[in-house]
Amino acid sequence: MAERYPAGPDYELTFEVGPDAGMYDAINKGLLRATGDICSYLNCDEQLLPGALSRVRRFFACHPSVDVVFGDAILVDAEGLALCYWRPYAPSLNHLSGATLNTLSCSTFFRRGIVERGHLFESQWKAIGDLQWIRGLLANRCFMGCLHHALAAFTYLGDNLGASQIARNEFEMTRTKWSGLQRVFRRGLHFARKALSGAYVKRNIKYELFAPGDSTRRREYHNSNLGWTWPGSRG
């Protein structure tokens, strides 16, 4: 791994291998070793886009009251071709009481003070630890904002953990059961907030990803009419 990802002129990498009690326990171990002021994490099917870290750094510098920032992301297939453009809005505890998370972890960044205050992931979860983590942060009145620029790419293969039966089962265990009218109202509010955030816009985008199977160079991609619909969904 160290040979595949050598340190660059403006960053260094540290690799640690050891036992863990699952994905979220492993993420916690990494966060507890972090020394920077801003934290994030990536899964094996995700990567940051060029310039993402500098944009995040400037955002936090300009918004000192914000604890967590959510950026836009591009969903791509196994070949790196864009499937949709994902633009989130800052989640609310009211929405997440009975709905899935509308942000992606690959484009989520947060101040290390959150970790120092003990806001870590609950390691008993297999798939919805990030949802529970955001719920906990909102309950503790952490301030959240959005940086509407593509910061990361998420490779969607159809069998990702978030789309699994495990994720659906865990979500059903934790969500509030809404009545029919509540579901209609909250779903309408969700779509309204997405519209106000600019999510429902087709985009002409260029982006660079590390080519599939090659971690040494980025390849440029272009999509002149990229939509917003998550694969297999209606919105």
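The analysis underlying the following values was restricted to heavy atoms, covering all of them including side chains, and did not include hydrogens, waters or symmetry mates.
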ask   = Are Val184 and Arg187 side-chain neighbours, meaning at least one heavy-atom pair lies under 4.5 Å?
value = no
message = Using the rule given for side chain to side chain contact (heavy atoms under 4.5 Å, CB included), can you reason through Ile114 versus Trp133, listing the C-alpha separation, both sets of side-chain angles and the distance that settles it, and then say yes or no?
response = CA-CA 11 Å; Ile114 284 179; Trp133 182 70; 4.1 Å; yes
request  = Could you verify whether a donor N or O on one side chain and an acceptor N or O on the other, from Tyr207 and His222, lie under 3.5 Å apart?
outcome  = no
inquiry  = Taking Ala99's backbone N and O only, do any of them form a donor-acceptor pair with Arg186's side chain (distance below 3.5 Å, no angle check)?
reply    = no
ask   = Side chains of Leu75 and Cys84: does their closest heavy-atom pair fall under 4.5 Å?
value = yes
task = Decide whether Ile27 and Ile128 are clustered together by the hydrophobic rule: side chain heavy atoms of Ile, Leu, Val, Met, Phe, Trp, Tyr closer than 4.5 Å, transitively.
result = yes
key: Any donor-acceptor N/O pair, Glu46 side chain to Asn43 backbone, under 3.5 Å   = yes
task = For Thr155 and Asp45, indicate whether the former's side chain and the latter's backbone hold a donor-acceptor pair under 3.5 Å.
result = yes
Contact check, side chains of Asn204 and Asn225, non-hydrogen atoms, under 4.5 Å = no
request  = Provide the closest heavy-atom pair for Ser40 versus Ser105 in the form atom of the first, atom of the second, distance.
outcome  = OG-O, 4.5 Å
Side-chain donor/acceptor of Glu170 to backbone N/O of Trp125, under 3.5 Å = no
inquiry  = Once rounded to the nearest 0.5 Å, what's the spacing between atom CZ of Phe121 and atom CE of Met23?
reply    = 9.0 Å
query = Cys39: what forms a side chain to side chain contact (heavy atoms under 4.5 Å, CB included) with it, not counting sequence neighbours?
reply = Leu31, Ala34, Phe110, Arg112
query = Is Arg57 atom CZ crowded by more than 12 heavy atoms from other residues, nucleotides or ligands, each under 6.0 Å away?
reply = no
task = Consider only side-chain heavy atoms of I, L, V, M, F, W and Y, link residues closer than 4.5 Å, and tell whether Phe109 and Phe59 are in one cluster.
result = yes
task = Decide if atom CG of Leu42 counts as having more than 12 heavy atoms of other residues, nucleotides or ligands within a radius under 6.0 Å.
result = yes
query = Taking the six-membered ring for Trp, is the centroid-to-centroid distance between Trp86 and Trp230 below 6.0 Å?
reply = yes
query = Does the pair Glu208/Arg219 count as a salt bridge with the N-to-O cut at 4.0 Å?
reply = no
task = Would you mind listing every salt bridge (charged side-chain N to carboxylate O under 4.0 Å, His left out) that reaches into residues 68-94, with sequence neighbours excluded?
result = Asp72-Arg87
inquiry  = Would you call the rings of Trp228 and Tyr200 parallel, tilted or perpendicular, taking 30° and 60° as the class edges?
reply    = perpendicular
query = Taking Tyr24 for the side chain and Gly129 for the main chain, is one N or O donor matched with an acceptor at less than 3.5 Å?
reply = yes
ask   = Under a 4.5 Å cut-off applied to non-hydrogen side-chain atoms, are Leu209 and Arg218 in contact?
value = no
task = Taking all heavy atoms of Val69 and all of Cys146, pick out the closest pair and write down the distance.
result = CG2-C, 4.0 Å
task = Over all heavy atoms of both residues, which pair between Asn102 and Pro88 is shortest? Give the atoms and the distance, please.
result = O-CB, 3.4 Å
task = For residues 159-181, pull every pair meeting ring pair (Phe, Tyr, Trp, His ring centres under 6.0 Å), keeping only residues two or more places apart or in separate chains.
result = none
inquiry  = Does Leu131 form a side chain to side chain contact (heavy atoms under 4.5 Å, CB included) with Thr100? I'd like the steps, not just the answer.
reply    = CA-CA 7 Å; Leu131 170 61; Thr100 55; 5.6 Å; no
Within one Ile-Leu-Val-Met-Phe-Trp-Tyr cluster: Leu189 and Leu96, side-chain cutoff 4.5 Å = no
task = Please indicate whether Phe210 has more than 12 foreign heavy atoms, meaning atoms of other residues, nucleotides or ligands, lying under 6.0 Å from its CZ.
result = yes
Lys202 side chain near Leu226 side chain, heavy-atom distance below 4.5 Å = no
inquiry  = Could you report the tightest heavy-atom contact between Ser97 and Arg135, atom names first, then the distance?
reply    = O-NH2, 4.0 Å
ask   = Are Met144 and Val115 connected in a single hydrophobic cluster, I mean Ile/Leu/Val/Met/Phe/Trp/Tyr linked by side-chain heavy atoms less than 4.5 Å apart?
value = yes
ask   = Hey, what do you get for CG (Asp130) to CD1 (Ile134), rounding to the nearest 0.5 Å?
value = 7.5 Å
request  = State whether a side-chain donor-acceptor pair under 3.5 Å links Asn223 with Arg203.
outcome  = no
task = Flag yes if more than 12 heavy atoms outside Lys206 fall under 6.0 Å of its NZ atom; otherwise flag no.
result = no
query = Is there a chain of hydrophobic side chains (I, L, V, M, F, W, Y, each step under 4.5 Å between heavy atoms) that links Ile38 to Leu13?
reply = no
Donor-acceptor pair, side chain of Asp20 and main chain of Gly22, under 3.5 angstrom = yes
inquiry  = Just so I know, are the side chains of Leu81 and Tyr221 near enough to count as touching, which here means a heavy-atom distance under 4.5 Å?
reply    = yes
key: Flag if over 12 foreign heavy atoms under 6.0 Å of CG, Asp37   = no
Closest contact, heavy atoms only, Gln132 versus Thr174 = NE2-CG2, 3.9 Å
ask   = Where is the tightest heavy-atom contact between Tyr85 and His149, given as atom of each residue plus distance?
value = OH-C, 3.9 Å
